[in-house]
Number of protein chains: 2
Amino acid sequence: MAGFTFDQQSNISLREKVTNDIRNAILTGELQSGSRLKEMDIAEQMGVSRGPIREAIRQLEREGLLISYPYRETVVADITIDEVKDILIPIRMHLEWFVIQRYIHQMDDSFIAQLQQIVDRMTLCFKEGKLEQLVELDMLFHETLINLAVERTVLMTWRSILNQTRLHFIKNIRYYSNDTIVQDHQTLLDKLASKDMDSILEELQHHMKGDESFLFS
Amino acid sequence: MAGFTFDQQSNISLREKVTNDIRNAILTGELQSGSRLKEMDIAEQMGVSRGPIREAIRQLEREGLLISYPYRETVVADITIDEVKDILIPIRMHLEWFVIQRYIHQMDDSFIAQLQQIVDRMTLCFKEGKLEQLVELDMLFHETLINLAVERTVLMTWRSILNQTRLHFIKNIRYYSNDTIVQDHQTLLDKLASKDMDSILEELQHHMKGDESFLFS
DNA sequence: AGTTTGAATATTGTTGACAATATTCATCTT
DNA sequence: AAGATGAATATTGTCAACAATATTCAAACT
């Protein structure tokens, strides 16, 4: 056969598409915390049956974005600042520290450059005041680190906190000192490049308490 | 009305019953890691349709007990020692530390007595070599602590790691030094009773590395 | 007016049939 | 014999109808 290859036919199931659509609606704020989801409404709007909708709900429940009361209703979850600060972020730090310890040898120049590119784009977004994009790049930075791991538990736990954290930052980014966010990532990246584990751990622990830059606390 | 009240009619849905049954089969070892689950087989054996089965699968996927490959199959997950030791247990410690900090004032004498009763039963199980029950009591001890929290994130994260941890210990309990397990819990309990936060944190951190008592490492 | 009752309605839970995809295996080709 | 092809089978994905439960609200009762 010649060198040409076709792309893999993406074999995404309807329930996955539904899951993604509902998740996006929540993350973009079209579905606000507390608002009720009716299976039939969603099904009609999307032009599918209720089966895939119900499976998507079970999935988003476990991502912490929906709460479902049996035989009654399902609503969009609310996440408090304390929960993000005291629970989700520390867990994220644990995952990252695990990944860094185990995969530091895979962080070659090209990987560091990849992260640097993300931070550069963060700088740009900060200057131009594109806060939504800043949040996405922040997430992308951490996801890039996490994705080094092959351990299923790491990826699973990451996914279970990812979107709750994202939702929080999307809602509250304007109360953070964006300048500090960008700088913190640059500092962490520099230390990753240096491969000095003590200094990385120190920075992670500082990063974890980065919420000190939060305006109201 | 007179003082008598009826118990709340437990309104458990079929999918929850199915979820519990499958989970139990995994935790008791009837379904081993790697074995394949066929929706139709389960449905026929339980005498229900595939709908609730499919929803249960989505739920158990998020508990880390099942892995489902779209359009192909779903199998029982395997959890490695490293994942439990380096990821799940540290996360559990974080959750407990959060709960202890925030709810130490709710740990009155009756609460401490409740935990003491659990440790006493652990001692008994250890003496009688009832290792399965020892695991259950271990879980119960930590669950009792965690249940002080009202924060949804804490309970959610706890549930997502609970059964993976349980499965690991059920499989590997005989390789642990059971004696140390019981003693560690007694020590932690004593320090909780003393309400000395520094000493509690120190003990938690030791408890976290308790896997040093693991025979092969 | 406030409460209780029960019919009407809305919504979630469950089912069995059908559709789409993956796997198996006998057959054909070289 | 090794690999390619395609029919037959097994399994997962989706749907539309029906069942069970919750909610609403008007009527009856105190």
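In what follows, chains carry the letters A, B, and so on, assigned in the order in which the sequence lines appear, proteins first and then strands, with residues in each chain numbered from 1. This is a predicted model, so every value here is computed, not measured.
- Taken from CG in A/Leu189 to CD1 in A/Ile118, the straight-line distance is 9.0 Å, to the nearest 0.5 Å.
- Within the structure, every pair that satisfies the side-chain hydrogen bond (donor to acceptor under 3.5 Å, both in side chains) test and touches residues 42-51 of chain A, not counting sequence neighbours, is listed here: A/Glu39-A/Arg50.
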Please lay out, stage by stage, how B/Ile170 and B/Glu132 fare under the test side chain to side chain contact (heavy atoms under 4.5 Å, CB included). CA-CA 6 Å; B/Ile170 287 174; B/Glu132 308 78 24; over 6 Å; no
Produce a footprint string for nucleotides 10-23 of chain C: one letter per nucleotide, 5' end first; B if the base is under 4.0 Å from any protein heavy atom, S if only the sugar-phosphate is, - if neither. -SBBBB-----SSS
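- Residues satisfying the side-chain contact (heavy atoms from CB on, under 4.5 Å) criterion with A/Leu155, sequence neighbours excluded, are A/Ile146, A/Asn147, A/Arg159.
- Scored by the side-chain contact (heavy atoms from CB on, under 4.5 Å) test, A/Arg121 finds A/Leu137, A/Leu140 as partners (sequence neighbours excluded).
- Every residue two or more places apart in sequence or in another chain was checked for a side-chain contact (heavy atoms from CB on, under 4.5 Å) with A/Asp109, and none qualifies.
- Rounded to 10 degrees, the angle separating the terminal axes of the helix from C/dA1-D/dT30 to C/dT30-D/dA1 is 10°, with each axis obtained from five end pairs.
- Of the possible donor and acceptor atoms, none in the side chain of A/Glu73 sits under 3.5 Å from a partner among the backbone N and O of A/Tyr69.
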